[in-house]
Amino acid sequence: MNIQKFLKKKIKKIYKKYGISDDLDPVVRKNIKNNEIDYQVNGIIKFKKITLFSPYKLAIHISNHMKKLNIHKNISVLQPGFINITLKSTWLNKHINNMYCSKNFNISKKKSKTIVIDYSSPNIAKEMHVGHLRSTILGDVTARVMEFLGHNVIRQNHIGDWGTQFGILITQLQSKSYTSCHNIESIYQTAYLKYQTDPIFIKKAKKNVVRLQNKNKNCLKIWSTLVKSTIKKNNEVYKKLNVSLTNNDIRGESFYNFMLPGIISDLKKKKIAIHCEGSIIVPLKKFKNRIGQNMGVIVQKSNGAFLYTTTDIACLKYRCNTLKAHRIIYYVDKRQTQHLLQVWEIARKAKYVNVDTILEHHSFGMILYKNKKPFKTRHGKIIRLLDLLNKSIYRAKKIIKHKNPKMNNEEIKLIAYNIGIGAIKYFDLSKNRMSDYIFNWNQMLSLDGNTAPYIQYAYTRIQSVIKKNKLHDNISSYPIKIFTSYERKLVLVILQFEETISQLEKHGTPHLMCNYLYDLSGKFSKFYENCSILFVKEIHIKFSRIKLSILTARIIKKGLYLLGINTVSKM
Ligand code: ARG
């Protein structure tokens with residue numbers, strides 16, 4: 001049940017009676033401030049010009065129609081034109097029971113769409129670092145959410161396995177006799193230094209990029225070893241992070257190499273690309289440089305090499321024509337906004353993208369250290385993602401050992417893993433992805449506040465409540481019913497699960513799921529403190545409350561699952 005959507009649909013119909021067009025989506029907000037009001041209809045003031053009524057009068061008319069739906073305990077109108085709705089308990093009861101009985105939380109099935117999600121996408125020949133955390137876990141949540149809603153999800157790990165850095169690495173590896181490619185990172189660093197200072201090295205490296213693009217055997221062999229070894233290391237990170245990416249999802253830059261010459265000639269044929277001082281560029285009116293001149297985007301350099309942009313144009317064409325995407329979402333950091341907009345503009349001009357295919361850039365901010373500078377080691381070095389994850393698990397282990405001195409090592413290990421990884425992921429996901437945030441170990445591992453350990457702990461408590469109460473076979477004959485205001489509040493939040501998921505589906509904003517789970521856990525606590533389960537005499541009340549607890553636990557588990565976080569049995 002998506003209450004918000006249900007109300008919007010009904011209100012839309014009423015709006016029509018007053019000449020307000022179908023295209024206008026009614027604004028219905030869930031109310032968080034006032035306990036007595038569940039939802040509020042906003043935006044009626046905007047219709048002043050469309051109808052003959054004053055906003056207040058119009059709101060009264062609309063509210064009278066709404067009353068006929070018979071779903072309210074109270075509907076009232078507020079100046080200058082707001083409608084406040086309090087739903088009636090019998091209506092809530094009906095829907096909470098439907099939800100309890102349904103495997104899928106009674107979430108309405110939608111038309112399945114093919115959704116391509118570009119996420120993680122690290123550059124090869126470097127180890128994954130803190131900077132990759134956000135693109136990896138934010139994208140993974142969206143992939144899980146879309147899949148849960150029944151969409152056809154195509155994960156794409158657009159690894160940077162092509163381009164200049166390979167020219168540099170191959171040149172370095174050719175010049176020295178390296179026995180194995182174990183420490184690619186340091187080989188790259190040495191080579192990169194040369195690339196900045198040594199003109200002969202630069203020339204060779206640039207040549208090697210072109211040779212690689214032309215499938216030179218020797219270059220390809222070195223390249224393939226480099227790619228394989230980095231992928232192996234990245235997989236370790238994905239596994240530890242509990243991220244759903246596999247090798248099948250890898251389609252790196254190199255894959256599109258075969259399309260690039262065709263793209264260039266097609267762009268030239270369509271008069272989108274032109275020759276300019278030896279290179280091939282696409283002039284774009286929409287984009288201006290710093291001094292206000294129209295910008296041209298280079299798609300092929302004078303030495304024949306293709307660029308990151310060229311690859312992304314080909315990649316977009318592939319996603320539209322071959323993967324048949326209806327919607328493509330990129331999880332790439334803010335700094336690449338302009339790059340993506342240019343790629344989309346060129347691909348749309350060339351008609352590689354259907355007019356109704358949706359392209360979205362779900363950008364995100366940075367992780368900062370407490371001095372508000374980029375998060376690095378004390379010596380100013382980049383932090384390896386694997387090190388960070390291990391550190392979190394280690395910290396979680398210490399806390400759990402301290403709390404449970406008698407717990408056996410195997411159990412501690414498993415719980416520490418789930419708490420440590422959960423804490424890092426949740427701390428990140430609970431922040432609005434658009435903003436930067438300051439990394440803080442103590443906050444993320446705290447049992448208080450909007451943190452993973454708090455939610456995981458709430459889950460273990462609910463489980464023990466359920467266990468304490470023996471379940472009867474005929475529990476199904478006692479429906480969930482609202483007896484107190486605590487139950488009402490809990491029921492309402494539970495019923496808001498679907499509208500929360502739908503927000504994530506629309507905007508890729510996992511922080512809303514975190515807020516939701518935090519709210520749900522809090523409402524459960526209040527309910528549990530104030531409503532007896534174990535000692536209540538009336539069996540129908542007892543069973544209703546047990547069922548409510550079961551449903552709360554199921555939702556927390558599913559919500560955490562969608563965030564890529566595991567629950568634990570004990571803490
Ligand atoms: N490899 C790129 C980087 O590390 C991110 C790729 C994002 N995806 C894309 N289709 N461009 O910056």
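Whatever order the structure lists ligands and atoms in, that order sets their numbers, starting from 1.
- Of the heavy atoms in D312, only side-chain atoms (C-beta onward) come closer than 4.0 Å to ligand 1.
- The residues E499 and K5 are annotated as not salt-bridged, no charged nitrogen and carboxylate oxygen being separated by less than 4.0 angstrom.
- Ligand-side atoms of ligand 1 in range of N123: 1 (N), 2 (C), 3 (C), 4 (O), range being under 4.0 angstrom from any heavy atom.
- In terms of polar-atom proximity, defined here as any N/O pair under 3.5 Å, E253 makes no such contact with ligand 1.
- Side-chain contact annotation: D428 with Y437, donor-acceptor N/O pair under 3.5 Å present.
- For the 3.5 Å distance criterion, the side chains of N218 and Q174 qualify, holding a donor opposite an acceptor.
- Protein heavy atom nearest atom 7 (C) of ligand 1, with residue, atom name and distance: V332 CG2, 3.5 Å.
- A salt bridge is defined here as a Lys NZ or Arg NE, NH1 or NH2 lying under 4.0 Å from an Asp or Glu carboxylate O, and R155 with E147 meets this definition.
- Considering backbone and side-chain N/O of Y330, none are found under 3.5 Å from N/O of ligand 1.
- When only non-hydrogen protein atoms are considered, atom 12 (O) of ligand 1 lies nearest to Q336 NE2, 2.8 Å.
- Close N/O approach between H339 and ligand 1 is not found [any backbone or side-chain N/O within under 3.5 Å].
- With rounding to the nearest 0.5 Å, the separation of CD in Q300 from CD1 in I264 is 5.0 Å.
- Here's the thing with S121: one of its N/O atoms is less than 3.5 angstrom from an N/O atom of ligand 1.
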Exercise for the section: Check step by step if side-chain contact (heavy atoms from CB on, under 4.5 Å) holds for R134 and Y331. Expected result: CA-CA 8 Å; R134 303 201 88 179; Y331 282 91; over 6 Å; no
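- Remark: distances from the non-hydrogen atoms of Y308 to ligand 1 include one below 4.0 Å.
- Distances from ligand 1 to the non-hydrogen atoms of Q156 include no value under 4.0 Å.
- Ranking the protein heavy atoms by distance from atom 8 (N) of ligand 1 puts D118 OD2, 3.2 Å first.
- To the nearest 0.5 Å, the span separating CG on D118 from CG on D249 amounts to 11.5 Å.
- N390 and K240 share a side-chain donor-acceptor pair at under 3.5 Å.
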